[in-house]
Amino acid sequence: MQKPEILALGKLMPVVREGLQAEFELRVIPPDADREAFLQSVAPGVRGLACGGGVVDGAFQDRFPKLEIISNFGVGYDNIDAVHAARLGVMVTNTPDVLTDEVADLAIGLMIATVREIPASDRWVRAGNWTQSPYPLSKGTLRDKKLGILGLGRIGKAVARRAEAFGLDVSYYGRTEQPDLPYRYFSSLKDIASHSDILLSMLPASSATHKAVNADVLEALGRDGTFINVGRGTTVDEAALIKALQDGTILSAGLDVFADEPNVPKALMAMDNVVLLPHIGSASQDTRNAMGRLQLENLRQWFEGKGPVTPVAETPWPAK
Ligand code: 8YV
């Protein structure tokens with residue numbers, strides 16, 4: 001029997017590529033080939049997409065008449081039009097859970113690094129300044145502070161549990177209140193910003209969250225406030241954030257995600273009160289391998305007729 005044809009998009013983890021090569025007909029866009037001509041030649045037979053990046057919008061999906069499943073690497077799937085896929089009857093899967101703790105660890109690490117100025121202190125030592133004078137006392141602290149988490153999904157909850165252990169007073173903002181949780185709920189971004197000393201965003205990218213953290217929200221956070229982002233860069237008005245950091249509207253920021261990755265605005269690079277990371281929330285070898293295994297398993301189980309392991313909300317399984 002002919003093995004199902006899978007098209008690789010973007011860079012796949014070795015564990016995924018090797019698994020797909022062994023069990024499927026894997027189509028990989030040759031780097032020096034005419035991409036369009038290649039896609040046209042494989043489109044009629046492709047039944048699955050394995051995404052390691054790239055945009056899979058409706059028009060792209062429409063090119064594959066036999067498409068059954070799009071398996072994404074990553075819990076966020078804003079790169080895929082899942083509503084369109086649902087309309088086509090195409091399954092979309094992502095890689096939740098296996099990265100939750102890794103991203104939550106990074107979020108807490110970035111928060112502490114920003115508030116206690118760890119990277120700036122490191123630069124101070126390396127520049128030989130310590131022999132002249134001690135590093136200035138940090139303006140921020142976690143002691144007796146309030147943390148507002150934007151987006152209390154799986155990762156947000158893991159961040160909240162850790163933050164509680166650090167003695168932070170946790171509240172959250174989200175689309176809906178989760179009354180079983182012991183944290184205070186805010187339905188307005190401005191209100192949670194006014195209430196919080198540190199605002200930590202886990203918001204996914206969507207039309208509803210686009211530039212949601214804007215000048216008004218930052219002003220509400222206030223001049224002693226810190227903003228941390230480990231969700232998606234497009235959920236922040238980056239120009240407003242830069243201005244707020246420059247003119248002292250807020251104190252500091254720790255950013256793992258940006259609006260136009262991997263391009264980071266030069267203005268942010270020039271600031272000492274900002275900690276910049278290259279989108280490494282889930283980026284340990286162990287966790288990325290676990291994500292890869294789950295991406296592969298979704299394709300494997302789908303084509304064995306067992307259904308997907310981790311379907312996204314737009315394409316529930318069993319289908320409704
Ligand atoms: C990855 C992520 O960086 O899972 C996500 O949504 O943002 C990260 O874990 C990305 O998906 C793959 O590069």
Side-chain angles (χ1 to χ4, degrees), residues 7-17 19-20 28-29 49-57 60 69-82 85 92-111 149-159 162 174 200-210 212-213 228-236 238 254-264 275-299 308-315:
L7 174 65
L9 294 173
K11 208 164 151 28
L12 301 180
M13 289 292 289
V15 66
V16 182
R17 207 178 46 241
L20 291 176
V28 181
I29 305 171
L49 299 178
C51 299
V55 174
V56 185
D57 58 14
F60 191 78
I69 179 167
I70 305 169
S71 179
N72 191 50
F73 180 78
V75 66
Y77 53 97
D78 44 282
N79 53 320
I80 299 168
D81 187 342
V92 179
T93 62
N94 63 346
T95 60
D97 303 320
V98 291
L99 48 54
T100 297
D101 287 323
E102 199 76 87
V103 180
D105 290 348
L106 196 279
I108 294 290
L110 180 54
M111 175 179 72
I149 300 177
L150 312 184
L152 206 73
R154 283 174 279 229
I155 303 173
K157 287 192 187 85
V159 171
R162 285 160 173 73
L200 191 155
S201 179
M202 295 296 327
L203 291 176
S206 74
S207 50
T209 60
H210 189 72
V213 177
I228 305 293
N229 194 4
V230 282
R232 284 290 183 263
T234 51
T235 63
V236 182
E238 237 170 38
L255 308 170
D256 185 41
V257 290
F258 302 87
D260 179 31
E261 295 173 12
N263 302 304
V264 176
V275 179
L276 304 169
L277 300 181
H279 197 149
I280 54 166
S282 66
S284 71
Q285 291 182 2
D286 282 6
T287 292
R288 286 287 170 88
N289 279 330
M291 291 162 66
R293 286 194 298 274
L294 183 52
Q295 179 182 25
L296 178 61
E297 204 52 31
N298 270 297
L299 290 165
V309 188
T310 45
V312 304
E314 291 85 342
T315 59

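Indexing begins at 1, ligand by ligand and atom by atom, following the structure's order. Because only heavy atoms are used, hydrogens play no part in the values below, and waters and symmetry mates are left out as well, while side chains stay in. Not measured: the values here are computed from a predicted model.
Counting only distance, with no hydrogens or angles, the side chain of Asn94 and the backbone of Val312 share no donor-acceptor pair below 3.5 Å. Checking side-chain atoms of Asn72 against main-chain N and O of Thr93 turns up no donor-acceptor pair under 3.5 Å. The backbone N or O of Ser71 lies less than 3.5 Å from a partner atom in the side chain of Gln295, making a donor-acceptor pair. Panel note: side chain Glu238, backbone Ala259; a donor-acceptor pair is recorded below 3.5 Å. A donor-acceptor contact shorter than 3.5 Å links the side chain of Thr209 to the backbone of Ser206.
Atoms of ligand 1 found under 4.0 Å from any heavy atom of Arg288 (numbered from 1 in listed order, with element): 1 (C), 3 (O). If you number the atoms of ligand 1 from 1 as listed, the ones under 4.0 Å from a heavy atom of Ser282 come out as 1 (C), 8 (C), 9 (O). Residue contact check: Gly74 has heavy atoms under 4.0 Å from atoms 4 (O), 5 (C), 11 (O) of ligand 1. Less than 4.0 angstrom separates some heavy atom of Val75 from each of these atoms of ligand 1: 4 (O), 5 (C), 6 (O). Those atoms of ligand 1 that come under 4.0 Å of a heavy atom in Met291, given as number and element, are 9 (O). Remark: ligand 1 atoms within the under-4.0 Å shell around heavy atoms of Arg232 are 2 (C), 5 (C), 6 (O), 7 (O).
Ligand 1 has no nitrogen or oxygen under 3.5 angstrom from a nitrogen or oxygen of Leu99. At least one N or O atom of Gly76 sits closer than 3.5 Å to an N or O atom of ligand 1.
The two residues Ala107 and Val230 have their closest heavy-atom pair at CB-CG2, 3.9 Å. For the residue pair Phe258 and Leu277, the shortest heavy atom distance occurs at CE1-O, 3.2 Å.
Of the heavy atoms in Phe73, both backbone and side-chain atoms come closer than 4.0 Å to ligand 1.
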